[in-house]
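Below you'll find the structure, written out as structure tokens, and then a few comments.
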Amino acid sequence: MRMSRMFLHTLKEVPQEAEIPSHILMIRSGMLMKVASGIYDYLPLAWRAIRKAEQIVREEMDAAGGQELLMPAITPAELWVESGRWEVMGENMFRLKDRHKRDFGLGMTHEEIITDIVRRSVRSYRELPLILYQIQTKFRDEPRPRGGINRAREFIMKDMYSFHISWEDLDVTYKAMYRAYSNVFLRAGLDFKVVEADSGTMGGDECHEFMLPSESGEDTMFLCGKCGYSANSEMARFHYQKPDDLPPHGDPIVEIDTPGVSTIDDLVKFLKRKPSDFIKCLIYRVDGELVAALVRGDRDLNETKLRKALGAKEVELATPREIEKATGGPLGFSGPVGLKGIKIIADYEIQELRNAAVGANKADTHIINVSFGRDFEVDELAELRQAVEGDCCPRCHEKMTAERGIELGHIFKLGTKYSDSMKATYLDEKGEDHPIIMGCYGIGVTRIISAAIEKGHDKDGIIWPMSLAPYHVVVMPVVSSNEDQASGAEKLYRDLLERGIETVLDDRDLRPGVKFKDADLLGFPIRAMVGERAIEQGGVEIKIRGGEKPEMVPADKAADYIVDYIKKELDRLNGLRTAQEKEEEYVRVG
RNA sequence: CGGGGCGUAGCGCAGUCUGGUAGCGCAUCUGCUUUGGGAGCAGGGGGUCGGAGGUUCAAGUCCUCUCGCCCCGACCA
């Protein structure tokens with residue numbers, strides 16, 4: 001590609017819409033253009049990188065026994081109604097009607113569609129296991145798109161689904177996917193971590209997230225440096241040690257006026273006490289029933305833990321009216337003292353509290369000097385609070401660290417959630433009917449690109465891993481109007497093209513500085529320069545993006561040098577993959 | 001959905017408080033000079049000031065409504 005003909009518009013200034021490095025650089029480098037919030041044009045350079053990521057994913061999925069297909073993006077409501085997710089997906093789903101007023105949703109994930117395919121075709125246990133996947137544009141009307149293509153409303157995703165006769169068989173594929181996912185990210189040069197996660201509205205059992213540690217990430221993960229325990233913030237448990245002796249109960253409880261003071265922040269100022277001296281009393285609707293959940297004032301309640309502790313399907317904060325009905329007081333003044341007719345569940349820490357302040361279940365009133373066990377009891381103690389940095393590992397009791405991360409992929413054991421509701425069954429050897437056991441596995445393909453830039457950049461621009469770079473090398477005559485330089489560069493350019501190297505020739509008649517800046521911004525892994533110095537010495541200056549000083553290579557060896565370097569670098573990334581494969585045994589399906 | 005901020009040329013911004021002929025930098029076009037890290041000079045083009053209504057002799061500026069975008073939070077297959 002000649003840069004004089006390339007559709008490329010780089011920006012010198014930081015676009016006002018962008019905040020995180022990958023978003024800024026994708027716009028500045030002319031890869032990305034916003035069409036609407038969370039909706040982007042992928043311009044030629046971005047598209048080349050995306051296609052490379054896709055290809056890596058495709059190769060690894062095929063190697064792990066997957067078969068690629070393509071499902072529609074426009075999906076009929078009936079299928080979603082069958083699984084119950086037409087409601088569950090709520091406003092996250094883009095919806096439309098056809099001319100006959102029939103309801104459709106734009107695909108945000110395809111469990112329903114694939115389950116429909118399988119139930120209409122698979123009859124026998126002999127056809128299982130089966131692994132199908134697609135790489136396709138997904139649509140999600142995110143409440144808040146952010147970070148450019150990191151969290152977009154339209155994005156490219158690989159979604160894979162597996163079908164089994166048993167949980168044991170699902171395990172085999174799950175492990176194979178775990179490995180295939182690791183391979184994908186290693187080849188993309190991404191140093192990922194795997195964490196336990198909650199399956200949320202996907203339903204199902206075990207699941208893992210593949211995370212790229214990054215400041216720009218939206219998720220927090222908890223990691224134990226000693227035993228390797230890792231979990232996302234939703235799932236992260238911790239070791240709770242009850243103190244051996246607690247201070248004695250203090251003065252008797254007293255009601256005090258707290259006019260209009262209802263948040264912990266305001267109470268801290270009003271009563272001049274620490275946040276940890278308060279008890280947060282949250283009223284939840286748990287599968288239709290109201291429950292009071294207690295955590296210390298400085299803690300956040302983890303709804304996933306609450307849901308699990310109560311063995312419930314759904315937990316949601318109660319409405320102000322429900323709170324009033326349950327406690328007799330308005331929102332912001334709930335407390336456990338004297339609270340009757342409602343189940344109370346508390347975080348373990350609550351039992352340590354003495355002389356705490358709580359809501360009095362009436363307007364503008366709080367109670368102080370409250371002690372657990374003396375002034376109130378609870379129905380149940382459980383781990384309800386969110387883990388924080390410094391909590392101890394639930395397995396080995398070592399201190400854990402917290403780190404931000406970008407979710408690159410997610411694998412789930414679904415079980416029979418969809419096969420039950422949509423009646424996808426197979427016949428076993430005895431001719432008996434059973435629901436098919438399912439797994440599902442997603443990778444954010446476009447997110448691989450933003451993540452790679454998030455990790456691979458410096459003050460001058462992008463530093464692509466060889467495996468994702470839109471082009472491997474830029475050949476640059478330093479002064480295009482100089483005939484020797486132009487013809488030297490042209491020759492190298494043609495040599496490289498002939499040898500199948502993805503090359504651009506910066507033949508634009510611009511000042512050298514502009515071309516250098518663009519080359520750095522666009523992040524080509526290799527820059528081959530033919531300038532005055534090179535011509536004098538009969539060589540080509542070769543500079544590795546992100547590397548040290550350029551190296552002068554004899555002109556007749558330059559193409560070899562570049563070809564070798566690219567091969568070595570791609571081999572290195574592939575080598576990470578095979579090296580890790582040897583470390584662990586795993587079973588490959590297919 | 002709650003809180004905060006912003007919409008003025010393709011991009012980045014000033015002008016809005018205090019109403020009076022719409023500006024700057026970058027980009028772009030023409031010419032000349034220049035050429036190893038975002039050149040210089042000269043000349044040119046480009047705007048329904050997000051939209052609608054109102055106040056006023058006069059609105060980018062004041063008032064009302066509305067749309068869009070960004071950030072924090074809630075949410076997140």
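Here the structure is a predicted model, which is why all the values come from computation and not from measurement. Lettering follows sequence order; numbering is per chain, from 1.
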Practice item. Taking A:Arg533 for its side chain and A:Gly539 for its backbone only, find out whether a donor-acceptor pair lies under 3.5 Å. Key: no
Review point. If you pin A:Glu209 and A:His23 to their nearest nucleotides in RNA chain B, which one's is more 5'?
Key: A:His23
Review point. Want to settle it: does A:Glu142 or A:Ala534 sit nearer the 5' end of RNA chain B, counting the closest nucleotide to each?
Key: A:Ala534
Exercise for review: Report yes or no: do A:Arg119 and A:Tyr418 form a side-chain donor-acceptor pair below 3.5 Å?
Suggested key: no
Exercise for review: Tell me yes or no: between the side chains of A:Gln134 and A:Asp159, is some donor less than 3.5 Å from an acceptor?
Suggested key: yes
Of the candidate nucleotides [options], which contains the atom at the shortest distance from the side chain of [X]?
{"X": "A:Leu11", "options": "B:rC11, B:rG38, B:rC71", "value": "B:rC11"}
{"X": "A:Phe516", "options": "B:rC69, B:rA74, B:rG37", "value": "B:rG37"}
{"X": "A:Glu13", "options": "B:rG12, B:rC75, B:rG37", "value": "B:rG12"}
{"X": "A:Thr10", "options": "B:rC71, B:rC69, B:rG38", "value": "B:rG38"}

Practice item. On the 0 to 90° scale, with breaks at 30° and 60°, tag the A:His410-A:Phe412 ring pair as parallel, tilted or perpendicular. Key: parallel
Exercise for review: Report yes if at least one side-chain N or O of A:Arg144 is closer than 4.0 Å to OP1 or OP2 of B:rA74; otherwise report no.
Suggested key: no
Review point. Would you say A:Ser37 reaches B:rC70's phosphate, i.e. side-chain N/O to OP1/OP2 under 4.0 Å?
Key: yes
Review point. Less than 3.5 Å between a donor and an acceptor, one on the side chain of A:Asp520 and one on the base of B:rG37, is that the case here?
Key: yes
Practice item. Can you check whether any acceptor in the base of B:rG38 is under 3.5 Å from a donor in the side chain of A:Arg28, or vice versa? Key: yes
Practice item. Please name all residues satisfying ring pair (Phe, Tyr, Trp, His ring centres under 6.0 Å) with A:His110, sequence neighbours left out, ordered by chain then number. Key: none
Point to revise | Verdict with reasoning, A:Val478 to A:Gln485, per side-chain contact (heavy atoms from CB on, under 4.5 Å) | key: CA-CA 7 Å; A:Val478 173; A:Gln485 294 182 27; 3.6 Å; yes
Listing time: all N or O pairs from protein to nucleotides 33-35 of chain B that are below 3.5 Å?
from, atom 1, to, atom 2, distance (Å)
B:rU34, O2, A:Arg511, NH1, 2.7

Check your understanding: Just by protein heavy atoms under 4.0 Å, how would nucleotides 27-32 of chain B read 5' to 3' in B, S and -?
Key -> ------
Study note, to complete from the structure: Scanning all shown strands, the Watson-Crick or wobble mate of B:rG53 with both distances under 3.5 Å is B:rC63
